[in-house]
Amino acid sequence: DVSQNVHLISLITNNNPLNSLDVSNNIELNVFSCEENQLTAIDISKNINLKYANVNYNSLTTLDTSKNIELTDLTCGDNLIAALDLATNTKLLRLFCARNPISELDVTKNINLEQLVFGDTQISSLDLSKNLKLKLLWCSKNLITELDLSNNSLLESLLCADNNLTSLDLTNNKNLREFNCDYNPICYVNLKNGNNTSIVNYSSSNTPNLSCIFVDNVAYSVSNWINVDNTSNFVTTQAECDAY
C-alpha cells in the first residue's frame, strides 16, 4: 500500500491492471509513472513536489495539474482528456499529450517549454509566441490552419504533417534539423533560413498545391532532400517560382 509510505520519492506502476490508485499521502513524490493501466481518474493535487508525471495509456477524462507547480515533465498521451489547464505549470519543459480529444491548448504561460508533442488531437490553432525555448514541435494529425514560428528561433524539429496548413514561413528558424509537412493543402513554404545544410530530415510529400519551396541553395536541396513531390520545385527567388 503506497499510501502508507509518506516519504516515497519515486513511484512507477507501469503495465498493470490498476483501475484505482491513491497517491494523496505521498506528498514528497518527485517521480510518478502509471503508464498502461486502467485508470479512469487520478488525483495528484497533493503531490506538490512532483516533477515528472507519466499517465500515458489510461482512460483518464480529466487531469488537474494546477497544484503541481514544480512539474517539468508531463506525459498524458492516449487518454480521453478533453482539456488541459497548464497555466500554473510554468516550469514545464516537456509536454506530451498526443491522441487525446483536446480541441484547445494554451501554452503561453509555459515559457520554459522545450518539447511539445500533441499529435492526433483536435487542435486547430496554437499560440507559440511566448515559447522562445521551444526546440521540438510535433503536431501531426491535427486541424491546424496556421503556425507562426517566427519567435521560435531555437526550433530544431518541426513535424506538422496531416494538418490544414496553407503556408509556412521558417526563415527565422535557423536551427531547424528536421522538417515534415506531408499531407497538407500547403501552397507556400519558405525555408530560406541561411542554414539549410543543417536540415538532415526533410519531407514535403503529398502536398499537391506546393509548386515552389524557397531554399538557400537549389542544388543542395535537390541533392539532399528526396521526399518531395514531382510537382514541387526548389527555388531561391519569386522570379524563379514564377517561371514554373
Side-chain angles (χ1 to χ4, degrees), residues 1-139 142:
D1 186 354
V2 297
S3 64
Q4 302 302 313
N5 192 342
V6 296
H7 299 298
L8 195 66
I9 295 176
S10 177
L11 175 60
I12 299 175
T13 62
N14 297 339
N15 303 294
N16 284 291
L18 295 175
N19 53 35
S20 65
L21 185 60
D22 184 358
V23 292
S24 58
N25 288 336
N26 310 111
I27 58 175
E28 296 183 18
L29 208 59
N30 285 164
V31 175
F32 174 53
S33 182
C34 59
E35 186 176 79
E36 291 195 67
N37 278 274
Q38 299 173 12
L39 300 173
T40 56
I42 187 71
D43 182 359
I44 54 173
S45 61
K46 302 294 191 298
N47 312 107
I48 58 174
N49 295 301
L50 200 61
K51 292 183 179 180
Y52 175 93
N54 179 357
V55 296
N56 255 4
Y57 297 102
N58 279 283
S59 299
L60 303 177
T61 55
T62 61
L63 185 64
D64 183 359
T65 61
S66 60
K67 301 295 192 297
N68 311 107
I69 61 174
E70 299 297 324
L71 203 62
T72 61
D73 290 75
L74 176 59
T75 302
C76 58
D78 293 274
N79 278 283
L80 303 171
I81 300 168
L84 280 175
D85 185 350
L86 305 168
T88 62
N89 308 118
T90 57
K91 294 184 179 181
L92 202 62
L93 300 177
R94 287 164 288 271
L95 172 63
F96 179 97
C97 58
R99 293 176 296 278
N100 277 289
I102 298 173
S103 59
E104 294 183 2
L105 186 64
D106 185 351
V107 291
T108 55
K109 300 293 193 299
N110 313 108
I111 60 173
N112 291 300
L113 201 63
E114 295 179 1
Q115 298 182 4
L116 176 56
V117 177
F118 62 95
D120 204 0
T121 66
Q122 300 295 312
I123 293 170
S124 59
S125 63
L126 189 68
D127 182 358
L128 296 170
S129 60
K130 303 293 191 297
N131 309 105
L132 308 186
K133 298 180 180 181
L134 194 66
K135 294 182 179 180
L136 182 150
L137 176 62
W138 293 4
C139 56
N142 280 285

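Here, residue 1 is the first one in the sequence, and each next residue gets the next number.
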Separation between OG1 (Thr88) and NZ (Lys109), nearest 0.5 Å, reads 11.0 Å
Is there a side chain to side chain contact (heavy atoms under 4.5 Å, CB included) between Ile27 and Val6? Walk through the geometry before answering.
CA-CA 6 Å; Ile27 58 175; Val6 296; 5.5 Å; no
Taking Ile81's backbone N and O only, do any of them form a donor-acceptor pair with Asn100's side chain (distance below 3.5 Å, no angle check)?
yes
Looking only at atom types and distance, does a side-chain atom of Asn49 sit under 3.5 Å from a main-chain N or O of Glu70, one as donor and one as acceptor?
no
Would you say Asp127's side chain and Ser129's backbone share a donor-acceptor pair under 3.5 angstrom?
yes
With a sphere of 6.0 Å drawn around CD of Glu104, does it hold more than 12 non-hydrogen atoms of other residues, nucleotides or ligands?
no
Roughly how far apart are Ile123 CD1 and Cys139 SG, rounded to 0.5 Å?
9.0 Å
What distance do Leu63 atom CG and Asp43 atom CG have between them, rounded to the nearest 0.5 Å?
10.0 Å
For Ile102 versus Ala83, what's the shortest heavy-atom pair and its separation?
CG1-N, 4.4 Å
Could Arg99 and Asp78 be called an ion pair, given the rule that one side-chain N must be under 4.0 Å from one carboxylate O?
yes
Can you check whether Leu92 reaches Thr65 side chain to side chain, under 4.5 Å on heavy atoms?
no
Report the C-alpha separation of Leu84 and Phe118 in whole Å, then their side-chain angles, then the decisive distance to 0.1 Å, and conclude whether the side chain to side chain contact (heavy atoms under 4.5 Å, CB included) test is met.
CA-CA 12 Å; Leu84 280 175; Phe118 62 95; over 6 Å; no
Report the distance from atom CG of Leu29 to atom CD1 of Ile9, rounding to the nearest 0.5 Å.
9.0 Å
Between OH of Tyr57 and CG of Asn37, what distance do you get to the nearest 0.5 Å?
13.5 Å
Flag for Asn142-Thr121: side-chain donor and acceptor within less than 3.5 Å
yes
Member of Ile42, Ile12, Leu8 meeting the side-chain contact (heavy atoms from CB on, under 4.5 Å) criterion with Phe32
Ile42
Which residues share a side chain to side chain contact (heavy atoms under 4.5 Å, CB included) with Lys130, sequence neighbours left out:
Thr108, Ile111
Is there a side chain to side chain contact (heavy atoms under 4.5 Å, CB included) between Leu39 and Val55 once you walk through the steps?
CA-CA 9 Å; Leu39 300 173; Val55 296; over 6 Å; no
Please report the closest heavy-atom contact between Ser33 and Asn14, naming both atoms and the distance.
OG-OD1, 2.7 Å
Quick check on side chain to side chain donor-acceptor pair (under 3.5 Å): which of Thr75, Thr72, Asp73 does Arg94 satisfy it with?
Asp73
Just by distance, do the side chain of Asn79 and the backbone of Asn58 share a donor-acceptor pair under 3.5 Å?
yes
Give the C-alpha distance, both sets of side-chain angles, the deciding distance and a yes or no for side chain to side chain donor-acceptor pair (under 3.5 Å) between Lys133 and Asn112.
CA-CA 6 Å; Lys133 298 180 180 181; Asn112 291 300; 2.8 Å; yes
Ignoring hydrogens and angles, tell me if any N or O in the side chain of Asn26 forms a donor-acceptor pair with the backbone of Ser24 under 3.5 Å.
no
Within-4.5 Å side-chain heavy-atom neighbours: Leu128 and Leu116
yes
Got a donor-acceptor contact below 3.5 angstrom from the Asn89 side chain to the Asn110 backbone?
no
Going through the distances and angles, do Thr62 and Asp64 end up as a side chain to side chain contact (heavy atoms under 4.5 Å, CB included)?
CA-CA 7 Å; Thr62 61; Asp64 183 359; over 6 Å; no
Quick one: pull up CG in Asp120 and SG in Cys97 and give me the separation to the nearest 0.5 Å.
11.5 Å
Modelled atom types, side-chain donor and acceptor of Asn56 and Glu35, under 3.5 Å:
yes
